[in-house]
Amino acid sequence: MKNTFKHGVHPPENKEETNGLPIRQFPFAPLIILPVQQHIGAASQIIVKEGQEVSRGQLLAKANGYMSVPMHSPVSGKIRKIADVLLISGQTSPGIYLEPFPYSGQEVVVGNPISLDASPEEILKGIQDAGIVGLGGAAFPTHVKLKIPEGKTCDYLIINGIECEPYLTTDHRVMLEQADDIFTGIRYLLKVTGAKEVIIGIEANKQDAADHLSSKIPTDLPVRVQVVPVKYPQGAEKMLITALLGKEVPSGGLPIEVNAVVVNVATTAEIGRLLPHGQGIQERVITITGPGVKKKGNYLIPIGTPLRYVLEQVGAVDNISEVYMGGPMMGVSASSLDISIVKGTSGIVVFGDNEVRKVDKIYPCIKCGACVDACPIFLNPSKLGILAKFEAYDTMAEEFNLMDCFECGSCSYVCPSNIPLVQYFRLSKGIVRKRNSAKQQKSNA
């Protein structure tokens, strides 16, 4: 099949209930809870104090080094306390408890606008100062991703509008409703990357978005929209590069190795929306859906809104069984409702007791090869799963390319033995990283 990648799976899309629902503003919660660890890299450093009154958009925590971004206030209000906050991982992070002023107009503080005439370095600094991270779910600091390494060139800027994760329609609605911001964001991205061509990749189930953006392309921009067949996990940047360019990113490599940079479409829209006004990110669009939700939709939600409050507002069922932050394939099941919306939250998918398939037993691997046929990067999940069982983590990494796995979940999805392969690999990768870090520290000592 042309314009796609080999392997992958076709889970039910389940997008039809929200893909036609326009973005709506979500109400402000009576208490906003903001963890400073919302992105890959060093956590933000808090610069405000308990009892302090803050305005919407005001800086609350500064970037703690290059691999970090600041955090801005999503509301005007008063800081009630600075204390530990629960994260979806079950760990805690320092955080800010912020009580909104009930009668505030919630106007956003305007900062120092970043002009399109600014230098690439000034634009990168503006992106960092705005607190922008990848909004597709990874939450990787965008300014770091956009920095082209010395000796490398970017020929292709790929805007990722694939949104292959089941249930989620966030990017779909952004493409339909925020086209002007997307193209403004592209102008900044072109200035930073020096790319010669821009490709907006969109799956065929979002043809209306493809048509809309195609009709809005400014005549002075080298942009084209390319529609690709529907398949999971086509939204992964390596898979998208293969689908659009016919090139393969080498093992352990980054897209720049094939002269490409990939940016999520919602991230692009935020760059176009925030930089002209010098503002920081305070809210994001999130799909709230699933069989356990009555008021499904796409909502513009302040960062730091507690999950429990969100579910109360959308009418979640009483017998909640699972709540996924993100989609059901790559998202993480929430262990508690006392966590908050963070910058990387792209969706909330809720299931009741009667909608979740109960796995009563994990059976031994029958070596059927279904996981091998599904893996989009041609790993051997069956062999890796057996090695994980015997805690052979170094062998997994050194001989079977464990660290190339991006945890798409295709292997677990097709496994007839109910083996939670992707969970095994996630844990194994964490152990390998810790071991490698310990070795590095020992060699530096």
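Pairing each heavy atom of Y424 with each of G385, the nearest pair is CD1-O, 4.3 Å. Here the closest heavy-atom approach between residue S335 and residue I88 is recorded as OG-O, 4.0 Å. Across all non-hydrogen atoms, the minimal contact from G344 to R284 is C-NH1, 3.8 Å. The heavy-atom pair separating P381 from L421 by the smallest distance is O-CD2, 3.7 Å. Nearest heavy atom pair, residue G280 against residue L274, reads O-CD2, 3.8 Å. Of all the heavy atoms in L34 and G304, the pair that sits closest is CD2-CA, 3.7 Å.
Here CD of E165 is found 10.0 Å from SG of C408. Values are rounded to the nearest 0.5 Å. Atom OG of S44 sits about 9.5 Å away from atom CG of L60, to the nearest 0.5 Å. Here K6 contributes atom NZ and T242 contributes atom OG1; the two are 10.5 Å apart, rounded to the nearest 0.5 Å. Expressed to the nearest 0.5 Å, how far NE2 of H172 lies from CG of N19 amounts to 5.5 Å. The structure places CG of L189 at 11.0 Å from OG1 of T184, a figure rounded to the nearest 0.5 Å. Annotation: the span from D394 atom CG to L387 atom CG amounts to 11.0 Å, rounded to 0.5 Å.
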Apply the test side chain to side chain contact (heavy atoms under 4.5 Å, CB included) to residues V258 and E248: give CA-CA distance (whole Å), side-chain angles for both, the deciding distance (0.1 Å), then the verdict. CA-CA 8 Å; V258 292; E248 185 174 328; over 6 Å; no
Could you walk me through whether L311 and V323 pass the side chain to side chain contact (heavy atoms under 4.5 Å, CB included) test, one step at a time? CA-CA 10 Å; L311 297 182; V323 179; 4.3 Å; yes
Run the side chain to side chain contact (heavy atoms under 4.5 Å, CB included) check on T305 and S340 step by step: do they pass? CA-CA 5 Å; T305 301; S340 299; over 6 Å; no
Apply the test side chain to side chain contact (heavy atoms under 4.5 Å, CB included) to residues L245 and I158: give CA-CA distance (whole Å), side-chain angles for both, the deciding distance (0.1 Å), then the verdict. CA-CA 10 Å; L245 303 180; I158 296 175; 4.1 Å; yes
Run the numbers on N160 and E237 for side chain to side chain donor-acceptor pair (under 3.5 Å), then give the verdict. CA-CA 8 Å; N160 188 348; E237 60 182 20; over 6 Å; no
Test log, rule ring-ring contact (aromatic ring centres under 6.0 Å, His included), inputs F183 and Y188: CA-CA 9 Å; F183 289 115; Y188 283 108; over 10 Å; no
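The closest side-chain heavy-atom distance from M71 to V36 is below 4.5 Å. Inter-residue side-chain proximity for M239 and F406 is flagged as met; some heavy-atom pair is nearer than 4.5 Å. Residues D155 and E197 form no side-chain contact, since every pair of their non-hydrogen atoms from C-beta on lies 4.5 Å or further apart. Contact check for I286 versus L300: no side-chain heavy atoms found under the 4.5 Å cut-off. Between P166 and P12, the closest side-chain pair of non-hydrogen atoms is not below 4.5 Å. Using a 4.5 Å heavy-atom cutoff, the side chains of N3 and Q226 are in contact.
With H143 contributing its side chain and G131 its backbone, the two residues share no donor-acceptor pair below 3.5 Å. Using modelled atom types, no side-chain atom of K247 and backbone atom of P255 make a donor-acceptor pair closer than 3.5 Å. A donor-acceptor pair under 3.5 Å is formed between the side chain of E163 and the backbone N or O of T170. In terms of modelled atom types and a separation under 3.5 Å, the side chain of S437 and the main chain of R433 share no donor-acceptor contact. Although no hydrogens or angles enter the test, the distance criterion places no donor-acceptor pair under 3.5 Å between the side chain of Y413 and the main chain of C371. Although no hydrogens or angles enter the test, the distance criterion places a donor-acceptor pair under 3.5 Å between the side chain of N259 and the main chain of T153. With hydrogens and angles ignored, the 3.5 Å screen pairs no side-chain donor or acceptor of K295 with any backbone N or O of I288. For E407 (side chain) and R426 (main-chain N/O), no donor-acceptor pair under 3.5 Å exists by modelled atom type. At distances below 3.5 Å, at least one donor-acceptor pair connects side-chain atoms of N264 with backbone N or O atoms of T267. In terms of modelled atom types and a separation under 3.5 Å, the side chain of H72 and the main chain of D129 share a donor-acceptor contact.
A cation-pi contact links K231 to F5, judged by a cut-off of 6.0 Å to the six-membered ring centre and 45° from its axis.
Ion pairing between a basic and an acidic side chain is recognised when a charged N comes within 4.0 Å of a carboxylate O; K125 and E122 show no such pairing. A salt bridge links E257 with K152; the closest basic N to acidic carboxylate O contact falls under 4.0 Å. The pair E283-R56 counts as a salt bridge, with a side-chain nitrogen and a carboxylate oxygen less than 4.0 angstrom apart. Taking 4.0 Å as the cut-off between side-chain N and carboxylate O, K15 and E203 do not count as a salt-bridged pair. A salt bridge between D211 and K216 is absent, with no side-chain N of the basic residue lying under 4.0 Å from a carboxylate O of the acidic one.
When ring centroids are compared, F378 and H7 come within the 6.0 Å threshold. F400 has its ring centre no less than 6.0 Å from the ring centre of F425.
Summarising the local packing, NZ of K383 is surrounded by 12 or fewer heavy atoms from other residues, nucleotides or ligands at distances under 6.0 Å. At most 12 heavy atoms of other shown residues, nucleotides or ligands fall within 6.0 angstrom of atom NZ in K147. In D318, the CG atom is not crowded: 12 or fewer heavy atoms of neighbouring residues, nucleotides or ligands sit closer than 6.0 Å.
Neither side chain, N298 nor T18, offers a donor N or O lying under 3.5 Å from an acceptor on the other. For the residue pair Q282 / S73, no side-chain donor-acceptor distance below 3.5 Å is found, with atom types taken as modelled.
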